[in-house]
Asks: 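I'd like to ask you about the structure that follows.
By convention in this document, chain letters (A, B, ...) are assigned in the order of the sequence lines, proteins followed by strands, and residues within each chain are numbered from 1.
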Amino acid sequence: MSLQLSEQEIVRREALDKMRALGINPYPAEKFDVNATTKEVLANFDKDKLNFQEVSIAGRMMSKRIMGKASFAEIQDSTGRMQVYIARDEICDGEDKMMYNDVFKKLVDIGDFVGLKGYVFVTQVGETSLYVNDFKVLSKSLRPLPIVKTDADGNVHDAFTDPELRYRQRYVDLIVNDGVKETFIKRNRIMNAMRKFFNDKGYLEVETPILQPIPGGAAARPFMTHHNALDIPLYLRVANELYLKRLIVGGFDGVYEFAKDFRNEGMDRTHNPEFTVMEIYVAYKDYHWMMDFTEKMLETASMAANGSTKATIGENEVEFKAPYARIPMLTAIKDHTGYDLNGKSEAEVREAALALGLEVDESMGKGKLIDEIFGEKCEHNYIQPTFITDYPVEMSPLCKKHRDDDSLTERFELFVNGKELANAYTELNDPIDQRERFEEQMKLSEKGDDEAMFIDQDFLRALEYGMPPTSGMGIGIDRLCMFLTNSPSIQDVLFFPQMRPEKFDAPIQKTLELNDNEKAIFDILKVRERIEISELKELAGLSGKGWDKGIKGLSKHGVAKVEKTEAGVFVGVIG
RNA sequence: GACCUGGUAGCUCAGCUGGUAGAGCAUCUCCCUUUUAAGGAGAGGGUCCAGGGUUCGAACCCCUGCCAGGUCACCA
């Protein structure tokens, strides 16, 4: 081990050894009984009632202010931080002042876990604090934490802000940055509220396969993997739609799943290769019903997150209170471009797209063109939650045709803050129509569309047994959390966003400037690691002088070592 | 994938037209029983992302690469 340790890391390792030398276990096994959190104490302490007189708290030491025989420190637990007062003669019995002078003052560092017992009081300056009379080391921290401070005016000093460090070392981000935990707690509250909303209606939470032989249910590029025992390719799911509908065929009235989906596509502020989607399917409903349902669900989620149906998203104030505007797609296009595409031919739609300055190509059919116009000219305008309804049939191969117009489908997407949040259908349950739609997807695939859907024969078989009229909806949980926590990047609502793997330094051959002789010898040693000296000399093929200089140089650099043993003289690499 | 910006001490950042590295906090030493981002005084700490090039001399200029962030494209 030739780890490059910083001065501060060395100091902490030395402190660890000194603790052990003093008979203090820096990593004790036994439990430490906690009977209060800092949050409870700060919220409920009343100096007239004299409550919290036998308090036991535990957490990380986050600051230390030593003033001779007494000190102030801050302890951070899962709920927050509070100040503690530690006086030498309180934590040390009799003459032995080791616990204060050595352990607390010198060997305990910022970031160490400690357990503290004592009573709560208010200092002269008016801060509720713990008067410590017992002090125990619970776990030593070997790396220095960034020290983030907030002054009386709320200004943050030395904030830990580098996004790369924050995402790669989320644990540090969570320790030192206020508000990070809150985002993830809200995420949990949002999902719990949705779950309760569904369960209260009697819908069943289910789990369906992530490893799928056919990645169906969405137009997206899948991740591929391989199962050894079956010797078949498997895909990570891009959606769970087709499996959930099979369950509706099977007789459930409502099923839902919070699912991780995987798409092998680009990454940016709103896309992570793995992401969470909630999909729900309810029998005997249509997309109008689903709009009512979605509104109420979001109202509930917003209340759970923020205690309000209003949410601030960047510059915008968004109102999640139902009902939301419902605008057919062609109306939206007419509103924002002036073109009425109702009943127009593909050629006419293409003309309109060109006139609007869009890039179009021959492979784009009418549906794709309409979608393109909407995406470019309309989408970003919908800041307040808005249902855009009735999409062209070509764009929606799993959606039932519109009851009044068979060039359209009974589909809606919900837009919030100019971005798509949810997608829903009156589900296609006509197995013959479904087979034709899949076949159209095949044609697209043959034309070169690499995300056209595969034909899922088993799914078609299931539909042939009969699926009740059903409405289904999918919502991006990460995006919803971004909105409800006002996070500008998906990375802020994922604990561990995908990053290029970090390279950890290989300790060997760093900072070393080897000359040619040294290099010739070292190249052999890298492979052999330990080798008899005369064999090494022969393999290196150097002149007598070159050999001599090379091997001495390597020893001096500390990368190789010559050892004389009973069995002969050996050269080994020093890791 | 294209373009823009950045990578300097544990953290946040300075570093001018190139002259061989600086601050605050953290760390270490000493002094001090109630201090509020910070008690006082002093000290140590750096492969300036990596590799090449230009130059008497490079953290700085040029080239290549790595990593990250942003914008766009692709994509729900």
Asks: For A/F415, which of A/Y324, A/F374, A/F483 qualifies under ring pair (Phe, Tyr, Trp, His ring centres under 6.0 Å)?
Replies: A/F374
Asks: Output a table of donor-acceptor pairs, distance under 3.5 Å, between side-chain atoms of residues 365-372 of chain A and any protein atom two or more places apart or on a different chain; print 'none' if there are none.
Replies:
residue: A/K366; atom: NZ; partner: A/K344; partner atom: O; Å: 2.8

Asks: Nucleotides 38-45 of chain B: which of its N/O atoms have a protein N/O under 3.5 Å away?
Replies:
residue: B/G39; atom: O6; partner: A/I66; partner atom: O; Å: 3.4
residue: B/G44; atom: N2; partner: A/E7; partner atom: OE1; Å: 2.5

Asks: When we call it a touch if two heavy atoms are under 4.0 Å apart, what does A/R269 touch: a base, just sugar-phosphate, or nothing?
Replies: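 Sugar-phosphate contact only.
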Asks: Measuring centre to centre across the rings, with the benzene-like ring taken for any Trp, is A/H402 within less than 6.0 Å of A/Y391?
Replies: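 So the answer is no for these two rings.
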Asks: Would you say the side chain of A/Q124 and the base of B/U35 hold a donor-acceptor pair, judged only by whether the two atoms sit under 3.5 Å apart?
Replies: no
Asks: Take atom P in B/A59 and the same atom in B/G1, then report the distance between them in whole Å.
Replies: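 It comes out at 32 Å once rounded to the nearest Å.
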Asks: Which sits closer to the 5' end of RNA chain B, A/E420 or A/E376, going by the nucleotide each is nearest to?
Replies: A/E376
Asks: Please report the distance, rounded to the nearest Å, between CD in A/E164 and C1' in B/G7.
Replies: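 Computing the A/E164:CD to B/G7:C1' distance gives 9 Å.
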Asks: With a 4.0 Å cut-off on heavy atoms, is A/A87 in touch with a base, just the backbone sugar-phosphate, or nothing at all?
Replies: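 Since no nucleic acid heavy atom lies under 4.0 Å of A/A87, the category is nothing.
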Asks: Surrounding CD of A/E182 (heavy atoms of other residues, nucleotides or ligands, distance under 6.0 Å), is the total greater than 12?
Replies: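 Atom CD in A/E182 is packed in, count exceeds 12.
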Asks: Check this for me: does any side-chain nitrogen of one of A/K140 and A/D109 sit under 4.0 Å from a carboxylate oxygen of the other?
Replies: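 Answer for the salt bridge query: yes.
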Asks: Give me the one residue out of A/K69, A/M98, A/K97 that meets side-chain contact (heavy atoms from CB on, under 4.5 Å) with A/C92.
Replies: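 Among A/K69, A/M98, A/K97, the one meeting side-chain contact (heavy atoms from CB on, under 4.5 Å) with A/C92 is A/K97.
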Asks: Specify the separation, in whole Å, of atom CE of A/M267 and atom C1' of B/C67.
Replies: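 Going from CE in A/M267 over to C1' in B/C67 covers 13 Å.
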Asks: Can you tell me the distance, in whole Å, between the OH atom of A/Y131 and the P atom of B/U33?
Replies: 13 Å
Asks: May I ask you to verify whether the side chain of A/Y85 and the base of B/U35 hold a donor-acceptor pair under 3.5 Å?
Replies: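 There is none.
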Asks: Taking a pair as Watson-Crick or G-U wobble with both distances under 3.5 Å, which nucleotide is matched to B/U29?
Replies: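 The base-pairing partner of B/U29, which may sit in any strand shown, is B/A41.
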Asks: Considering only heavy atoms, which members of residues 383-393 of chain A lie under 4.0 Å from some atom of RNA chain B?
Replies: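 Of all residues in residues 383-393 of chain A, none places a heavy atom under 4.0 Å from RNA chain B.
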Asks: Using the C1' atom in both, what is the distance from B/U54 to B/U12, to the nearest Å?
Replies: 34 Å
Asks: What contact category does A/V11 fall into here, base, sugar-phosphate, or nothing, at under 4.0 angstrom with non-hydrogen atoms?
Replies: sugar-phosphate
Asks: Touch check for A/R88, heavy atoms < 4.0 angstrom, all strands: base, sugar-phosphate only, or nothing?
Replies: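 The answer is nothing, as A/R88 stays clear of every strand by at least 4.0 Å.
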Asks: Quick one: sort the A/Y131 and A/F121 rings into parallel, tilted or perpendicular, breaks at 30° and 60°.
Replies: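 A/Y131 vs A/F121 ring planes: perpendicular.
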Asks: Among B/U36, B/G10, B/C75, which is the nearest nucleotide to the side chain of A/Q83?
Replies: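 From the listed options, B/U36 comes nearest.
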Asks: Kindly check if the number of other-residue, nucleotide or ligand heavy atoms within 6.0 Å of CE (A/M267) is above 12?
Replies: yes
Asks: Using a heavy-atom cut-off of under 4.0 Å over every strand shown, decide if A/R81 touches base, sugar-phosphate, or nothing.
Replies: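 Nothing, no nucleic acid heavy atom in range.
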Asks: A cation-pi test, strictly: NZ or CZ of A/K106 under 6.0 Å from the centre of the six-membered ring of A/Y100 and no more than 45 degrees from its axis. Yes or no?
Replies: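 Not flagged: A/K106 not positioned over aromatic ring of A/Y100.
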Asks: Hunt down the Watson-Crick or G-U wobble partner of B/C72, both distances under 3.5 Å, from any strand shown, or write none.
Replies: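 Partner of B/C72: B/G1.
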Asks: Is there a side-chain contact between A/Q491 and the phosphate of B/G69, meaning an N or O under 4.0 Å from OP1 or OP2?
Replies: yes
Asks: At under 4.0 Å between heavy atoms, what does A/F121 touch on the DNA or RNA strands: base, sugar-phosphate, or nothing?
Replies: base
